[in-house]
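Only one structure is covered here, and it is reproduced in the block below.
Here is the naming used below: chain letters follow the sequence lines, and residue numbers restart at 1 for every chain.
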Number of protein chains: 2
Amino acid sequence: MNLTLRQMKAFAALVATRNFTRAAEHCSLTQSAFSTLISNLESDIGVRLFARNTRNVELTAEGEVFLNIVNHLLPETERALSEMRDHVQRRKGRVVVAALPTIFSALLPSIISAFLRDYPGIELIIEDASNGTCVDLVRNRRADFALCAYAASGAELTTETLAWDTFYFVCQKDHPLANRKRLSADDLQGHPIVVFEKASSIRQHLDAAIYPKQWLHSFQVHNLSTGVGLVTAGLGTTVVPTLALPQFDLRNLRAIPVALSINRREICLLRRKDSSESLAAQAFISLLRERLAKEVELLTSRLATAG
Amino acid sequence: MNLTLRQMKAFAALVATRNFTRAAEHCSLTQSAFSTLISNLESDIGVRLFARNTRNVELTAEGEVFLNIVNHLLPETERALSEMRDHVQRRKGRVVVAALPTIFSALLPSIISAFLRDYPGIELIIEDASNGTCVDLVRNRRADFALCAYAASGAELTTETLAWDTFYFVCQKDHPLANRKRLSADDLQGHPIVVFEKASSIRQHLDAAIYPKQWLHSFQVHNLSTGVGLVTAGLGTTVVPTLALPQFDLRNLRAIPVALSINRREICLLRRKDSSESLAAQAFISLLRERLAKEVELLTSRLATAG
DNA sequence: CACACTTACGATATTCGTAAGGATT
DNA sequence: AATCCTTACGAATATCGTAAGTGTG
């Protein structure tokens, strides 16, 4: 017995009309095809559901029993398929994104609002997380994908570079280096700077970029905002990627490009290899592919204007 | 989109095993047929449900959504079909029978117990009713069928005679006619008898059977038991069909066959013409066809022994 | 005899199994 | 190399529509 949505619909239509011809039209079938459909349904179930002659179509006792069943099952099935359709057409769903705080705050807001406008039914959850946490979240399926700075494309995970940013030296206007147009790693030797904790992605990138040399550390902080505060208060200088610059008030500070051995920080899309992302997540990803690099450009050009 | 029970079963099997080959076996299909089944399901729905390679089969995000649906819908559907099967196999159901009180009490008890033994899951409701009420109950579908004495086979209803009974004169042992072996309608002229109300089936039959003559009435009663009481108390005599005789204590009374112009009272099965009876009702009907006449014979022979 | 359901039958579409292909470990 | 999913393809099955048949009012 292989009960079919079509059989239930046909049955319901015949109950409603009590007329094969009209029920057949309602199902977009010829009367004959409809007749055999009902007849097959009856022989599948093993009992006549309709007592019919050429003038009257009525339910049998077993037809009444089946009607109760169909009255329950048919709406359930159609509701379920409609729910499924909502997901397929991206009217429903959930996207969980893990992103580095700087990426989140500097690049995502306008992309998020575009996404929410295009897919108002989709629940969007963005977790700001450290690079390592991003990787873990994706690996454990706690996030659909991540936007982070670097990741090993291993057995499970795959990365794709969507954009890059570069590094800037940030200092007070009266700093000795304040009026330089461009700086090298060597220029910064001897100037104490605020660095981020070892685990932070900025710090790891910088450590790799200037290896084997080292800069002079003044403070070591955990959060970007702490570093911003220190520099703003004139207690230090720092080196941060482009995406961190909006956190600083550049009317009173200088941001000068720094040339490093690894000059670009990649902004990576990190995904699972099994391509099990939801359609909703895929929609967000294609929006990112389309707009993330442009967002970086926009940011850079705004900074050039400000500087 | 024509969702199928088979599709849901296949999906559930694949979720459970996460292996096409084993799921295919579970569905009694070749692995290849199973693969195209899943593939067709996916293209019907419009999205991949499984992220699969040769080593791993996993649900996609949309597959999870569909799993929630199937987890709900599949048990519902199977429960419904099992319910239907119970009715088809007569493990469930309801039979409503209308029957004349004499038929009910004299013939049905042993048939009822046989039916309840054979079909323990079926609810059996027997309404004792007058002949006219029997007809109405069947016509209005309040009863599946009726056992009554006579009925016009009209446009809606059809009758079938299952058995007959005959009429007896019942009197005290010291009545003048008490030792006769056989009586004619004429023999009863001048002997006052207890009659039943005009509407009763016994009365109507007797009126028709002796027309245009009439018997002398002593009392007119509504219920058989009243008549029984009167005769037993020696306050009258009466004429009743075979099926009513068990109500009398024949150790102290005489029951003598009466030859009438319409000598036999039919015991009819009254049904609707549209043959919309439930399978349960059909089962009861075939039991009646098989055993009702035998029950009358049994009753008659017991009476002959007693008399 | 007109209307409505059923049956017959050839055409089309779907589903099946066998067998070969491709990918991953 | 072994395992597992996919694809190709011919065969079996199911479903469709046209058209003729049947029965009822």
Side-chain angles (χ1 to χ4, degrees), chain A residues 1-11 13-45 47-60 63 153-158 272-276, chain B residues 1-11 13-45 47-60 63 153-158 272-276:
Chain A
M1 172 82 228
N2 179 30
L3 188 64
T4 286
L5 180 57
R6 176 183 315 205
Q7 288 175 322
M8 288 197 284
K9 280 182 175 169
F11 176 85
L14 186 51
V15 170
T17 61
R18 297 179 183 271
N19 176 298
F20 276 65
T21 311
R22 282 199 297 279
E25 282 170 18
H26 186 269
C27 296
S28 306
L29 283 175
T30 58
Q31 186 272 324
S32 134
F34 187 86
S35 178
T36 54
L37 191 164
I38 293 292
S39 176
N40 287 338
L41 174 61
E42 288 177 324
S43 71
D44 281 359
I45 293 181
V47 68
R48 279 249 158 165
L49 300 173
F50 295 94
R52 49 196 185 270
N53 54 35
T54 55
R55 292 292 150 187
N56 269 312
V57 176
E58 287 173 19
L59 281 168
T60 61
S153 289
E156 286 180 291
L157 304 180
T158 174
R272 296 183 57 82
K273 264 192 179 160
D274 58 19
S275 70
S276 57
Chain B
M1 172 83 227
N2 179 29
L3 188 64
T4 286
L5 180 57
R6 174 181 318 200
Q7 287 175 323
M8 288 197 284
K9 280 182 175 171
F11 176 85
L14 187 51
V15 170
T17 62
R18 295 179 183 272
N19 176 298
F20 276 64
T21 311
R22 283 198 296 281
E25 282 170 19
H26 185 269
C27 295
S28 306
L29 283 174
T30 59
Q31 187 272 324
S32 132
F34 187 86
S35 178
T36 54
L37 191 164
I38 293 291
S39 176
N40 287 337
L41 174 61
E42 288 176 326
S43 71
D44 281 359
I45 293 180
V47 68
R48 278 249 160 167
L49 300 173
F50 295 94
R52 49 195 184 270
N53 55 33
T54 56
R55 290 295 146 186
N56 269 314
V57 176
E58 287 173 18
L59 282 168
T60 60
S153 289
E156 286 181 290
L157 304 180
T158 174
R272 296 184 57 82
K273 264 190 181 163
D274 58 19
S275 69
S276 58

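- Every residue meeting the side chain to side chain donor-acceptor pair (under 3.5 Å) condition with B:E58, not counting sequence neighbours, appears here in chain and number order: A:R141.
- Residues satisfying the side chain to side chain donor-acceptor pair (under 3.5 Å) criterion with B:R48, sequence neighbours excluded, are absent altogether.
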Per-nucleotide protein contact string for nucleotides 19-25 of chain D, where B marks a base within reach and S marks sugar-phosphate only (heavy atoms under 4.0 Å, - for neither): B---BBS

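- Judged purely by atom type and a 3.5 angstrom limit, A:T60 uses its side chain to pair as donor or acceptor with the backbone of A:L49.
- Partners of A:R52 under the salt bridge (Lys or Arg N to Asp or Glu O under 4.0 Å) rule, at least two apart in sequence or in another chain, are A:E42.
- When the C1' atom of D:dA14 is taken as reference, atom CG of B:N2 falls 13 Å away, rounded to whole Å.
- For the helix from C:dC1-D:dG25 to C:dT25-D:dA1, the angle separating the two terminal helix axes comes to 20°, with each axis derived from five pairs and the value rounded to 10°.
- When heavy atoms are screened at a 4.0 angstrom cut-off, A:R22 is found touching no nucleic acid atom at all.
- Partners of A:S32 under the side chain to side chain contact (heavy atoms under 4.5 Å, CB included) rule, at least two apart in sequence or in another chain, are A:T30.
- With a heavy-atom cut-off of 4.0 Å to chain B, the contacted part of DNA chain C has its first and last nucleotide at C:dT15 to C:dT25.
- With sequence neighbours left out, the side chain to side chain contact (heavy atoms under 4.5 Å, CB included) criterion links B:R6 to A:N2, B:T4, B:L37.
- Residues satisfying the ring pair (Phe, Tyr, Trp, His ring centres under 6.0 Å) test with A:F11, not counting sequence neighbours, are A:F50, A:F66.
- Take A:T17 and apply the side chain to side chain contact (heavy atoms under 4.5 Å, CB included) test, not counting sequence neighbours, and it matches A:L14, A:N19, A:R22, A:A23.
- Within the 4.5 Å cutoff, the side chain of A:L3 has heavy atoms near those of the A:L41 side chain.
- We find that CD1 of B:I38 is positioned 15 Å from C1' of D:dC4, with the value rounded to whole Å.
- For the pair A:R272 and A:L157, the minimum side-chain heavy-atom distance is below 4.5 Å.
- At D:dC16, one or more side-chain N or O atoms of A:R6 fall inside 4.0 Å of OP1 or OP2 (strictly under the cut-off).
- Nucleic acid contact for A:L37: none, since no nucleic acid atom lies under 4.0 Å from a heavy atom of the residue.
- If you check every strand for non-hydrogen atoms under 4.0 Å, B:T21 touches sugar and phosphate atoms only.
- Residue A:N40 places no side-chain N or O under 4.0 Å from the OP1 or OP2 atom of D:dA14.
- In this structure, B:Q31 has no side chain to side chain donor-acceptor pair (under 3.5 Å) partners at least two apart in sequence or on a different chain.
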